[in-house]
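Read through the structure below, which is laid out as structure tokens, and then see the notes.
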Amino acid sequence: MGKEECKTMLDALNKVTACYRHLVIALGSTSDSQNLREELKKTRKKAQELAVANRTKLTTLLKDKTISKEDRAEYERLWVLFSSSMELLEVDMKRSLEIGQDFPLKVPTRHLIQTGMTGNTNAVAARAMSVQNMKYEADSNIDTADLRDLQSEITQVSQMMEEMEMKVQVAPWAVVAKQEAGAELKSNMSVGNSSVGVISICEEEPKDDEGGGGREGGSTSIGAVLVFFVILTVALVLGYLVVNM
Amino acid sequence: MTIKNALRDYGQRYRPRMACLRKAEKVLLEMQDPCAGVKSQPQRLVITIIPHAITGEDIIAWLADRFQIDPQEASSFGSMLVALGYIYPLQDHKRLVIKPDTSLYRFQTPYFWPTQQWPVEDTDYAIYLAKRNIRKKGILELHEQEQYNHLHKWMNHKWDFIVMQAKEQYRAAKERKKPDRVVFDCQERAYWVVHRPPVRKHSQKLPLNNFVEVFEHDLPRPWHSIFIGFKSKFELDYSKKSNFVWASFLSEPFTCRSKIVGENLAFWEGCEDLKWGTAVAMKEKAEQIYKTFLARGAPRWINIDGKTMEITVKGLKHPHRYVLDAAQTHIYMLMKKDSYGRYLKSPVFKETLKKAVNPEEHKFNEVQLEQNARNRRPSLSPIIIRQQEQEQRAKMAASAPVDITQVMSKLSKQGKEMGPRHSK
């Protein structure tokens with residue numbers, strides 16, 4: 001059905017937008033590199049393809065006058081999701097242009113900001129492109145060459161958004177969200193163990209509650225290991241007794 | 001000079017012009033230089049080592065050396081950089097000041113630098129709060145919880161998007177290695193401490209120093225400052241809940257006079273409220289304003305001429321946002337021509353001026369000090385700048401004229417640097 005397809009495409013666009021934002025945040029810092037610029041370019045292009053596909057699908061669905069009221073409300077909700085994603089994407093593209101221009105890479109003395117981030121963003125880009133590993137095949141002057149493309153793409157996106165607003169009459173404020181407050185907590189994602197360790201080391205002050213959370217997580221894992229060893233010992237002892245009986 | 005919180009925030013955060021941002025960015029870039037920049041050291045956490053941490057004393061020493069200023073000024077310059085958001089503290093992250101000791105700081109990534117053209121979006125803040133909610137498993141700080149509920153209410157139509165985006169951004173962030181994840185979390189948190197600081201409620205509505213500062217500088221509409229002064233006085237009178245120094249000082253005759261002016265100000269406020277308020281409440285507000293200020297025998301009747309009154313009353317039959325514009329303009333002109341002049345001649349004003357020129361010492365409590373540190377203006381006091389210029393000139397005059405062109409170019413360069421800080 002059209003709705004399911006739409007939702008899948010919107011999810012994909014949402015994912016790419018989130019990854020793109022994460023990549024733009026790394027621009028200009030010590031994790032900036034030619035690879036990052038290429039990742040930005042590829043992610044951007046993918047986002048645009050998804051955007052065009054989404055827009056075509058949604059406009060056809062919304063223009064259909066024969067749909068029921070509930071369906072229409074649902075499509076309007078999807079439309080708001082789509083346009084919010086596009087707004088975010090547009091802003092991030094404009095910012096990446098600005099920061100990209102301010103921090104060129106092919107200069108004799110690079111002045112990247114020492115933010116403490118030194119790792120690469122391959123995994124984030126791979127997530128955006130839905131591939132296992134990223135392949136880097138661009139020239140070494142991508143940081144300047146890409147900026148021109150970026151400018152024209154920004155114009156395209158702005159035009160597309162203007163068209164969208166004119167052609168589709170959806171009142172965004174009239175849409176009622178399906179998720180209630182705190183909905184992000186009821187997810188099927190692993191919120192737990194791997195991130196708890198991260199929380200504890202953001203601050204060194206012992207009175208910070210984040211430290212408490214980390215210590216809790218650490219002690220839980222130590223406890224689990226101890227329990228495991230206890231059980232193993234008991235099993236060995238019992239086994240020994242059984243063998244000797 | 002900006003009048004913070006003078007007008008109501010109608011959903012738009014006040015964005016002052018910040019010509020100093022570009023200059024600050026240049027300084028930041030200089031600080032990155034591996035040889036001549038600020039010395040960085042690794043930050044050792046439990047099992048991770050994160051590079052590029054700088055100490056407060058190193059920052060201050062570098063600034064003092066680079067600009068040839070004394071440590072105190074370097075310290076306030078450094079605090080300005082922190083308050084703006086270019087550098088963030090790693091310990092005690094809610095206090096945006098530079099401590100002249102071994103406390104650690106780090107540079108903020110360019111995406112999170114303060115910018116003039118990109119307003120700080122509430123959508124982004126909502127996404128951040130949702131992400132924080134996930135990480136903290138529902139236990140947010142009090143002000144964050146309040147903001148979360150507030151945003152959930154008025155951004156409800158976008159809430160699906162906010163939840164979806166928060167989850168995806170959270171997942172994307174987890175793809176990075178641990179040290180980078182920690183840095184990213186610190187960066188984001190620091191950004192929102194700068195742009196959405198927790199608002200503390202105090203009993204004083206307008207501390208005296210704010211009001212006095214407003215008086216010290218030229219404003220495009222000078223009587224606006226008096227409006228603030230009046231407003232605070234009325235709030236004090238009507239609310240009767242302050243131990244404000246100024247309140248005890250004002251005398252009875254002024255209060256009488258001010259009661260006449262009070263109507264006009266209250267009416268003006270009511271008109272602004274109507275113009276900027278919600279469409280739903282408009283009809284009620286218009287009726288209330290009519291009953292309170294315009295009707296015959298109203299409790300706070302304002303003195304506008306017959307013609308304007310006629311037009312306004314007619315318009316109020318079918319009220320719209322700008323129905324009270326004519327009356328409002330009339331009141332504004334009246335205040336400007338009449339009351340303002342009277343106020344300038346009044347003893348109250350003269351006393352306030354005296355206090356402005358020779359202010360008495362403020363007795364702040366701890367909480368206030370903290371708030372002031374947060375709200376501090378990001379620029380050097382003009383008095384210090386003037387003193388410095390005078391000293392410079394004296395030095396130039398005393399020393400032999402070595403090379404005129406060098407001297408002139410140095411002066412003009414300094415003038416340009418100081419320039420934007422003056423123009424507030």
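Below, each value reflects all heavy atoms present in this structure, side chains not excepted, and no hydrogens, waters or symmetry copies. By convention in this document, chain letters (A, B, ...) are assigned in the order of the sequence lines, proteins followed by strands, and residues within each chain are numbered from 1.
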Original post:
Do Gln114(A) and Arg106(B) have side chains that get closer than 4.5 Å, going by heavy atoms?
Top reply: no

**OP:** Could you walk me through whether Asp11(A) and Lys167(B) pass salt bridge (Lys or Arg N to Asp or Glu O under 4.0 Å), step by step?
**Re:** CA-CA 11 Å; Asp11(A) 282 338; Lys167(B) 286 189 196 167; over 6 Å; no

Subject >> Ser29(A) OG to His52(B) NE2 distance, which is reported to the nearest 0.5 Å >> reply: 9.5 Å

**OP:** Would you mind checking if Glu175(B) and Arg127(A) are paired as a salt bridge, meaning a charged N to carboxylate O distance below 4.0 Å?
**Re:** yes

Subject >> Per-residue contact mode, His22(A) against chain B (heavy atom under 4.5 angstrom) >> reply: side chain

Original post:
How long is the gap from OG on Ser84(A) to NE2 on His157(B), to the nearest 0.5 Å?
Top reply: 7.0 Å

**OP:** Could you pull out the closest heavy-atom pair between Thr109(B) and Leu27(A), with the gap in Å?
**Re:** OG1-O, 3.9 Å

**OP:** Taking the side chain as every heavy atom from C-beta outward, state whether Asp180(B) and Thr121(A) have any atom pair closer than 4.5 Å.
**Re:** no

Original post:
Looking at Asp102(A), Leu10(A), Thr109(A), which makes the most heavy-atom pairs under 4.5 Å with chain B?
Top reply: Asp102(A)

Original post:
Once you round to the nearest 0.5 Å, how far does CZ of Phe112(B) lie from OG1 of Thr115(A)?
Top reply: 11.0 Å

Original post:
What option among Glu87(A), Arg110(A), Lys178(A) has the most heavy-atom pairs under 4.5 Å with chain B?
Top reply: Lys178(A)

Original post:
Of the non-hydrogen atoms in Arg95(A) and Trp113(B), which two are nearest, and what is the gap between them?
Top reply: NH2-O, 4.1 Å

Subject >> Side-chain heavy-atom pair Gln169(B), Arg21(A) within 4.5 angstrom cut-off >> reply: yes

Original post:
Is the backbone of Gly119(A) close enough, under 3.5 Å, to the side chain of Arg176(B) for a donor and an acceptor to pair up by distance?
Top reply: yes

Original post:
Taking side chain as C-beta onward, heavy atoms only, is Gln187(B) less than 4.5 Å from Ile25(A)?
Top reply: yes

Subject >> Which atom of Ala172(B) lies closest to which atom of Cys19(A), heavy atoms considered >> reply: CB-SG, 4.0 Å

Subject >> Heavy-atom side-chain contact between Thr118(A) and Pro51(B) under 4.5 Å >> reply: yes

**OP:** Under 4.5 Å heavy-atom distance to chain A, tell me which part of Pro179(B) shows up: side chain, backbone, both or neither.
**Re:** neither

Subject >> pair Lys177(B)-Asn120(A): side-chain heavy atoms closer than 4.5 Å >> reply: yes

Original post:
Could you state the interatomic distance from OG1 (Thr30(A)) to CZ (Phe107(B)), rounded to the nearest 0.5 Å?
Top reply: 11.0 Å

Original post:
Should Met164(B) and Leu81(A) be marked as a side chain to side chain contact (heavy atoms under 4.5 Å, CB included) after you check the CA-CA gap, both sets of side-chain angles, and the distance that decides it?
Top reply: CA-CA 9 Å; Met164(B) 272 173 69; Leu81(A) 280 171; 3.7 Å; yes

Original post:
Looking at side-chain heavy atoms only, is the closest gap between Asn14(A) and Gln165(B) below 4.5 Å?
Top reply: yes

